[in-house]
Amino acid sequence: MPLIPIDAINGRIENEIRNVLDSEAHLSGFNQVNHAIEFLISDAETFAAVQVDTRDSFAADMVSGLSARHKQLPPKYFYDATGSRLFEEICRTDDYYVTRSETALLRNIAEELAAGIPQGAALVEFGSGESAKTRLLLDAAPQLSAYVPIDISADALDQASAMLARDYPQLSIAPVVADFTGHFHLPAAADGRPRVGFFPGSTIGNFDRDGAVRFLQSARQIMGDQAALLVGVDLVKDEATLSAAYDDSQGVTARFNKNLLIRINRELGGDFDPDAFDHLALWNPVHSRMEMHLVSRKDQIVNAAGHTFSFRSGERLHTENSHKFTIDSFAQLAARAGWSVANTWISDEPRVAMFRLEPIPGRSAVI
Ligand code: TRP
């Protein structure tokens, strides 16, 4: 089991106490401390459960993914500490336009987005990483009371939360370490508050279609009826621009992809040689998506988690999909999950979109 750095624990404890003190200022000092301790215990239990669960399911997912006829691995395992760092580096490359276009768009429309955020609302972000784009919203919407960043990487979350706590002392910050595709609860800081979800970065495109609908449905449930959801989506565009974005000329995306093998070696006792695989980014027009693969450079046998896997030369391990939408195809997807598009904004080229979704009244979500 990976050791949890003491800084991460301190950051979490500090945040939890701050949240309880903020939200329960009416209680006596003794009761405040009691509540803080209760939260800490439940937080520690959740955290331990997430760690154990992540390791067990990593092994199980890896074994079943590498035993399949078409080898594949779930992309959530990209995001260990190194993977999260490499991903932030991808976002800063010239070739990966999604972050640049979306950040410029957010900067332009921050006031408009903020106008749709109610007084005292909680902003809930799915897959918050270093929360860089979020600052544009936080700056434009001082009426926000709480910020709930959700991320699978405890390291990324704790670093981001500590910096945000410093820069936004008015805001209660309640980080949740979780796989947001699974079940989780919003922390007490979001109780009784109007909620606005934030899901930028075209992460929705990393689900398959049904997975995206299921995520949007569960977001609707978690966020409640008075919610809104701001979703950033990448739009279909010319293949050259797309291919460069997922195979950048500095090779950061290739390193990010191969880091998955290094993580298997470290956490699951594997003996992958990352240099024996090539990074491959492909446009799949049938599914309207970019695909990431690792391609075996030779016939080889690899061991991990007590299992043996054989790769033929040229055989692919499928590691990620990034679906690209049109305005209409995204609106249809959202409607299947019971959300309607209340507003759409489009960036300059290379174009990405930001949608404001609202629950379709009286319409239950169906797959
Ligand atoms: N949400 C990002 C996207 O689909 C994730 C991403 C960017 C990614 N580059 C990647 C995932 C490379 C895997 C490999 O654009």
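Remember, predicted model here, so these are calculated numbers, not experimental data. These values consider heavy atoms only, across backbone and side chains, with no hydrogens, waters or symmetry-generated copies. Whatever order the structure lists them in is the order used to number ligands and atoms, beginning at 1.
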Give the residue, atom name and distance (to 0.1 Å) of the protein heavy atom nearest [atom].
atom	answer
atom 1 (N) of ligand 1	N206 OD1, 2.8 Å
atom 4 (O) of ligand 1	S322 OG, 2.6 Å
atom 2 (C) of ligand 1	Y96 OH, 3.3 Å
atom 8 (C) of ligand 1	F87 CE1, 4.1 Å

**Prompt:** Between T319 and ligand 1, which part of the residue brings a heavy atom under 4.0 Å of the ligand: side chain, backbone, both or neither?
**Reply:**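 For T319, there is no contact with ligand 1 at all, from either part.
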**Message:** Taking the six-membered ring for Trp, are F78 and F256 closer than 6.0 Å centroid to centroid?
**Reply:**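 F78 vs F256: aromatic centres under 6.0 Å.
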**Item:** F355 ring center near F330 ring center (under 6.0 Å)
**Value:**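 Close enough - the centres of the two rings lie under 6.0 Å apart.
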**Prompt:** Would G201 count as a contact of ligand 1 if the rule is a heavy atom under 4.0 Å away?
**Reply:**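 The answer is yes: ligand 1 sits under 4.0 Å from a heavy atom of G201.
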**Request:** Would you check whether T253 reaches within less than 4.0 Å of ligand 1, judged by its heavy atoms?
**Result:**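 Contact check T253 vs ligand 1: positive.
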**Prompt:** So between F256, F78, Y246, whose heavy atom ends up nearest atom 9 (N) of ligand 1?
**Reply:**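 The nearest heavy atom belongs to Y246.
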**Request:** Can you figure out which of E320, E102, R289 has its heavy atom closest to atom 11 (C) of ligand 1?
**Result:**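 It is E320 that holds the nearest heavy atom.
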So, is [X] polar-close to ligand 1, with some N/O to N/O distance under 3.5 Å?
X	result
Y79	no
K324	no
M292	no

**Asked** Which of the atoms in ligand 1, numbered in the order shown and given with their element, are less than 4.0 Å from a heavy-atom of S202?
**Response**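 Here the atoms of ligand 1 in question are 1 (N).
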**Request:** May I ask you to say whether E130 pairs ionically with R92, meaning some side-chain N is under 4.0 Å from a carboxylate O?
**Result:**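 Answer for the salt bridge query: yes.
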**Request:** Answer whether the closest heavy-atom distance between the side chains of S128 and L157 falls below 4.5 Å.
**Result:**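 When only atoms from C-beta onward are counted, L157 and S128 do touch, with a gap below 4.5 Å.
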**Prompt:** Which word best sums up how the rings of F272 and F311 line up, parallel for under 30°, tilted for 30 to 60°, or perpendicular for over 60°?
**Reply:**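 If you compare the ring of F272 with that of F311, the planes turn out perpendicular.
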**Item:** Within 45° cone and under 6.0 Å: R220 NZ/CZ vs F215 ring
**Value:**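 R220 over F215 ring: no.
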**Prompt:** Do T319 and N257 meet the criterion of a side-chain donor-acceptor pair at a distance under 3.5 Å?
**Reply:**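 Side-chain D/A pair, T319 to N257: present.
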**Request:** State whether the side chain of R193 and the backbone N or O of A189 hold a donor-acceptor pair below 3.5 Å, judged by distance alone.
**Result:**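 Side chain of R193 to backbone of A189, a donor-acceptor pair under 3.5 Å: yes, one is there.
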**Message:** Set out, in order, the CA-CA distance, both residues' side-chain angles and the distance that settles side-chain hydrogen bond (donor to acceptor under 3.5 Å, both in side chains) for Y147 and S161, then state yes or no.
**Reply:** CA-CA 9 Å; Y147 173 50; S161 302; over 6 Å; no
